[in-house]
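Here is the structure we will look at.
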Amino acid sequence: MPELPEVETIVRSLRDGGRGSLSIMGKKILKAKVSWDRTIETPSVPVFKKRVINQTVLDVSRRAKYIHIHLSQDSLLIHLRMSGDILVGEGIKPLGKYSRMALFFENNTQLSFENPRKFGRVWLLSDTDKIFKDLGPEPLDPEFSPNLFFEMLRSKKRQIKPLLMDQKFIAGIGNIYADEALNLAKIHPATSSDSITLKEARKLLKALNEVLQEGIRRNGASIDWVYKGGGFQNYFRVYQRTDEPCLACYTPISRIVIGQRGTHFCPKCQPDPNS
DNA sequence: AGGGAAACCCGAACGC
DNA sequence: TGCGTTCGGGTTTCCC
């Protein structure tokens, strides 16, 4: 559930403070606590706990759905998967109920990786290439052109929605923003990617930019009981609006399953090209 | 190569 | 009220 806009919101609050959070920029790590060992994908927990100590946060950025904490020696990557959140506060007491990993900084500041369903993972690496090299382009990158997007779509023969959610194809899009963007672009989620015209590709890329930027502007969506703070859930066009009227034409929103994922769309605005 | 399914998890929602 | 069951969601892995 945390997708590009939610991760971007968290990254910004880690970097700049705000959203009830303290900035971790420039802070030195004094100690790490791991309360569920499998949270740490690499290295081993003992090595991880030893290696992060005395490293300082130089920057925080985002690539796809990864939070990238640039430390003085290494990169700390956090992927929230579907139920993760990051809390930053003061003191050494656990900040939340589901803390799986916590970093304790100088100045009494703590970062907690909250992860109730234990899907999220943490990496400590000297080189992020191994993780980042297989990721597709960032949809919000101004260099990512409609022409390139069109060529990419044409070179595949896949249903458009699962393709948009494939991180190797394009980065950062999950179930919510895929449904929202396809609705805005008036494209049926099962449309074969190679049947999408240049005009439609242009419209879809524009729609992706719009929904992702709206998500960021509203600090993400608080659709789960885990990630809090965002307000985009109040502006969904189709996601989790099954049987409710389409905002454009009042037709009840349909829900089908595509690629094992709940998929919401307007049957009138987004007609199935195969029927 | 594409696509379906299962696995990883567990709180919440639902059914009775 | 309380129990058991089902569901969902990002990613990887396996199989057809």
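The sequence lines fix the lettering, A, B, ..., with proteins before strands; numbering per chain opens at 1.
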Taking atom types as modelled, find out whether A:Lys161 and A:Asn175 have a side-chain donor-acceptor pair closer than 3.5 angstrom.
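There is such a pair (donor and acceptor under 3.5 Å, judged by atom type) between the side chains of A:Lys161 and A:Asn175.
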Aromatic ring proximity A:Phe132/A:His68, centre distance under 6.0 Å:
yes
Please determine if a side-chain N or O atom of [X] lies less than 4.0 Å away from the OP1 or OP2 oxygen of [N].
X        : N      : value
A:Gln240 : C:dC7  : no
A:Gln167 : C:dT11 : yes
A:Tyr66  : C:dT11 : no
A:Arg81  : B:dC8  : no

Choosing from [options], which nucleotide comes nearest the side chain of [X]?
X        : options               : value
A:Lys65  : B:dC9, C:dT11, B:dA6  : C:dT11
A:Tyr98  : B:dG2, C:dT11, B:dG11 : B:dG11
A:Met82  : C:dG9, B:dC9, C:dG8   : C:dG9
A:Arg38  : B:dC8, C:dT11, B:dG11 : B:dC8
A:Lys118 : B:dG3, B:dC9, C:dT11  : B:dC9
A:Gln159 : B:dG4, B:dA5, C:dG9   : B:dG4

Taking any heavy-atom pair under 4.0 Å as a contact, classify A:Arg100: base, sugar-phosphate, or nothing.
nothing
When the distance from [atom1] of [X] to [atom2] of [N] is rounded to whole Å, what number comes out?
X        : N      : atom1 : atom2 : answer
A:Trp36  : B:dC10 : CH2   : P     : 7 Å
A:Gln260 : B:dG3  : CD    : P     : 13 Å
A:Asp166 : B:dG2  : CG    : P     : 9 Å
A:Glu41  : C:dT11 : CD    : C1'   : 11 Å
A:Lys168 : C:dT13 : NZ    : C1'   : 11 Å
A:Phe119 : B:dG11 : CZ    : C1'   : 12 Å
A:Ile258 : C:dG9  : CD1   : P     : 14 Å
A:Asp134 : C:dT13 : CG    : P     : 11 Å

Kindly work out whether a path of hydrophobic side-chain contacts (I/L/V/M/F/W/Y, heavy atoms less than 4.5 Å apart) joins A:Ile173 to A:Leu148.
yes
From the options A:Thr9, A:Leu4, A:Leu14, select the one residue that forms a side-chain contact (heavy atoms from CB on, under 4.5 Å) with A:Arg62.
A:Leu4
Between OG of A:Ser193 and CZ of A:Arg154, what distance do you get to the nearest 0.5 Å?
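Going from the OG atom of A:Ser193 to the CZ atom of A:Arg154 covers 11.0 Å.
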